[in-house]
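Here is the structure we will look at.
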There are 2 protein chains.
Amino acid sequence: MHSKFGFLSYEISHIIRQRFNKAAEPIGFTHAQWRALVHLSENKNCRQIDLAEILEIKPITLVKQIDLLEESGMVVRNKDMDDRRAYRLSITDKAHTVMEELWKIADAVEIEVLAALSEEERRLMTSLLDRVKNSLATDSS
Amino acid sequence: MHSKFGFLSYEISHIIRQRFNKAAEPIGFTHAQWRALVHLSENKNCRQIDLAEILEIKPITLVKQIDLLEESGMVVRNKDMDDRRAYRLSITDKAHTVMEELWKIADAVEIEVLAALSEEERRLMTSLLDRVKNSLATDSS
DNA sequence: TTAATATAATAAGTAAAAGGTATTATATTC
DNA sequence: GAATATAATACCTTTTACTTATTATATTAA
């Protein structure tokens with residue numbers, strides 16, 4: 001019997017993204033922007049190329065997300081004084097307020113989607129996924 | 001502390017899809033087509049609208065995937081005798097052969113991605129995800 | 001038994017999220 | 001100082017999906 005982990009993780013995360021996008025649409029954010037914001041807030045003052053690597057997307061893909069986040073006043077590109085090719089990304093005060101709203105949405109979606117599991121099971125599953133993710137992060141993929 | 005399940009499941013499934021797509025590209029299939037094929041083989045002779053519901057995509061999205069799968073000789077649209085609006089989808093003999101190849105790729109990718117976990121942990125995680133998925137399937141989402 | 005409504009597939013056009021390749025401006029290395 | 005590498009990005013394409021509207025056929029209600 002073949003494992004269905006690939007399909008299951010895809011299908012569940014797809015539902016989470018759909019529901020998040022629907023709920024966050026009135027505020028004007030997509031799940032991809034949200035993901036960039038959260039990872040940036042955990043890696044303050046990094047360059048675009050650093051954030052792209054963290055997000056596991058190509059730099060050119062991130063450019064457009066940062067464009068949108070800058071337009072909506074969430075992120076600022078600051079010239080790097082030591083390397084004039086690069087920008088240092090920072091999050092605005094406004095972003096902190098908006099992110100509180102977005103976390104409410106994200107948490108609510110997650111609780112809804114994971115309702116079938118106990119809190120203990122949710123923690124267990126998340127920690128297993130976390131180990132998988134961390135083992136991949138060290139790869140050169 | 002907020003849960004990261006949404007990001008984790010997205011990021012891991014994204015890596016699985018990327019690796020699958022890369023490995024299956026020479027044979028000419030994408031992960032979306034692969035997903036449709038597998039779900040069709042588990043729901044033989046269903047209509048497009050049924051398969052779309054199983055895949056949790058809109059019927060129009062499925063049309064194009066079936067177009068591609070029909071072009072490559074994997075799937076046949078058979079006129080439904082009882083409802084002349086509908087097609088019944090079937091999988092060709094050729095598809096069975098190709099699917100064996102694709103399962104090899106899918107299994108290999110999964111083993112690679114989940115290498116950090118023991119077999120026991122893999123089974124546990126998959127069964128937790130399966131419960132989540134099934135609880136959502138009964139929703140009217 | 002028609003008239004109104006619903007359903008299955010699909011055409012046309014759009015969008016979100018991503019990537020490939022090439023370019024510009026700067027850094028680094030040889 | 002010349003060759004090479006790097007950070008950001010312009011231009012174009014791909015994958016996967018959606019919205020809205022249309023055609024053909026079924027079903028329901030009057």
Side-chain angles (χ1 to χ4, degrees), chain A residues 7 10-11 13-22 24-25 28-37 39 45-72 75-89 141, chain B residues 6-7 10-11 13-22 24-25 28-37 39 45-71 75-89 141:
Chain A
F7 291 142
Y10 172 69
E11 288 161 8
S13 71
H14 182 60
I15 288 170
I16 290 176
R17 283 165 69 87
Q18 274 183 326
R19 293 192 185 181
F20 180 93
N21 283 336
K22 199 170 208 167
E25 199 260 319
F29 294 93
T30 67
H31 190 269
Q33 287 171 50
W34 166 235
R35 194 164 81 94
L37 263 183
H39 281 92
N45 217 36
C46 68
R47 300 171 306 164
Q48 288 184 203
I49 199 168
D50 302 324
L51 185 55
E53 198 185 343
I54 291 162
L55 295 170
E56 287 169 295
I57 59 179
K58 301 290 172 212
I60 183 61
T61 303
L62 183 63
V63 166
K64 292 151 202 171
Q65 290 178 12
I66 300 295
D67 285 350
L68 292 171
L69 288 170
E70 205 173 30
E71 265 174 50
S72 54
V75 165
V76 178
R77 282 177 166 101
N78 311 292
K79 273 280 175 203
D80 186 330
M81 290 310 175
D82 298 330
D83 185 341
R84 297 199 296 170
R85 295 168 304 182
Y87 292 112
R88 295 281 165 179
L89 300 172
S141 52
Chain B
F7 290 143
Y10 172 69
E11 288 160 8
S13 70
H14 182 59
I15 289 170
I16 290 176
R17 283 164 70 84
Q18 275 182 326
R19 294 192 185 181
F20 180 92
N21 283 336
K22 201 170 207 165
E25 199 260 320
F29 294 92
T30 67
H31 190 270
Q33 287 170 49
W34 165 235
R35 195 164 80 93
L37 262 184
H39 281 91
N45 217 35
C46 67
R47 298 171 306 163
Q48 289 183 202
I49 199 169
D50 301 324
L51 185 55
E53 199 187 342
I54 291 163
L55 294 170
E56 288 169 294
I57 59 178
K58 301 290 172 212
I60 182 61
T61 302
L62 184 62
V63 166
K64 290 150 200 171
Q65 288 179 13
I66 299 295
D67 285 350
L68 292 171
L69 288 171
E70 205 173 29
E71 264 175 52
V75 165
V76 177
R77 283 177 167 102
N78 311 292
K79 274 280 175 203
D80 185 331
M81 290 311 175
D82 297 330
D83 186 342
R84 297 199 296 170
R85 296 168 304 184
Y87 292 113
R88 295 280 166 180
L89 300 173
S141 52

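Protein chains get the first letters and strands the later ones, always in sequence-line order, with residue 1 at the start of each.
If you take NE2 on A/His39 and CD on A/Glu56, they are separated by 8.5 Å, rounding to the nearest 0.5 Å. Atom NE2 of A/His14 sits about 8.0 Å away from atom CD1 of B/Ile57, to the nearest 0.5 Å. A distance of 9.0 Å separates CZ of B/Arg17 from OH of B/Tyr10, quoted to the nearest 0.5 Å. In this structure, CG on B/Asn21 lies 12.5 Å from CH2 on B/Trp34, to the nearest 0.5 angstrom.
Regarding contacts with the backbone of C/dA17, every side-chain N or O of A/Gln65 stays at 4.0 angstrom or more from both OP1 and OP2. A sub-4.0 Å separation between OP1 or OP2 of C/dG19 and a side-chain N or O of B/Gln18 is present. Between A/Thr30 and C/dA16 there is no side-chain polar atom (N or O) within less than 4.0 angstrom of OP1 or OP2. The side chain of B/Gln33 contributes no N or O atom lying less than 4.0 Å from OP1 or OP2 of D/dT15. Between C/dT10 and B/Arg77, a contact under 4.0 Å exists linking OP1 or OP2 to a side-chain N or O.
In terms of the side chain to side chain contact (heavy atoms under 4.5 Å, CB included) criterion, residue partners of A/Asp67 (sequence neighbours excluded) are, by chain and number, A/Val63, A/Arg77.
Between the base of C/dG19 and the side chain of B/Lys22 there is no donor-acceptor pair shorter than 3.5 Å.
Of the two residues near DNA chain C, B/Thr61 and A/Thr61, the one whose nearest nucleotide lies more 5' is B/Thr61. Nearest-nucleotide assignment on DNA chain D puts the 5′-proximal partner with A/Arg47, out of B/His31 and A/Arg47. Place B/Ala32 and A/Arg88 on DNA chain D by their nearest nucleotides, and A/Arg88 ends up nearer the 5' end.
Within the 4.0 angstrom heavy-atom criterion, only backbone atoms of the sugar-phosphate kind lie near B/Ile49; the bases stay farther away.
In this structure, A/Lys58 atom NZ and D/dA7 atom P are separated by 14 Å, rounded to whole Å. For A/Leu68 and C/dA18, the CG to C1' distance is 14 Å, given to the nearest whole Å. With rounding to whole Å, B/Leu69 atom CG is found 14 Å from D/dT16 atom C1'. The CG-C1' distance, from A/Leu89 to D/dA7, rounds to 12 Å in whole Å. If you take OH of A/Tyr10 and P of D/dT16, they are 8 Å apart, rounded to a whole angstrom. Protein atom NZ of A/Lys64 is 10 Å distant from nucleotide atom P of D/dA10, rounded to whole Å. Going from atom CD of A/Glu11 over to atom P of D/dA17 covers 10 Å, rounded to whole Å. Atom CG of B/Leu51 is separated from atom P of C/dT10 by 13 Å (rounded to the nearest Å).
In this structure, B/Lys58 and B/Ala52 approach most closely via the heavy-atom pair C-CB, 4.2 Å.
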I need a per-nucleotide contact map over nucleotides 22-30 of chain C, read 5' to 3'. Cutoff is protein heavy atoms under 4.0 Å; write B for the base, S for backbone only, - otherwise. ---BBS---
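Checked against B/Arg88 for a side chain to side chain donor-acceptor pair (under 3.5 Å), the options B/Asp80, B/Asn45, B/Asp83 give a single hit: B/Asp80. When the options A/Leu51, A/Asp50, A/Ile49 are evaluated for a side-chain contact (heavy atoms from CB on, under 4.5 Å) with A/Leu62, the one that passes is A/Leu51.
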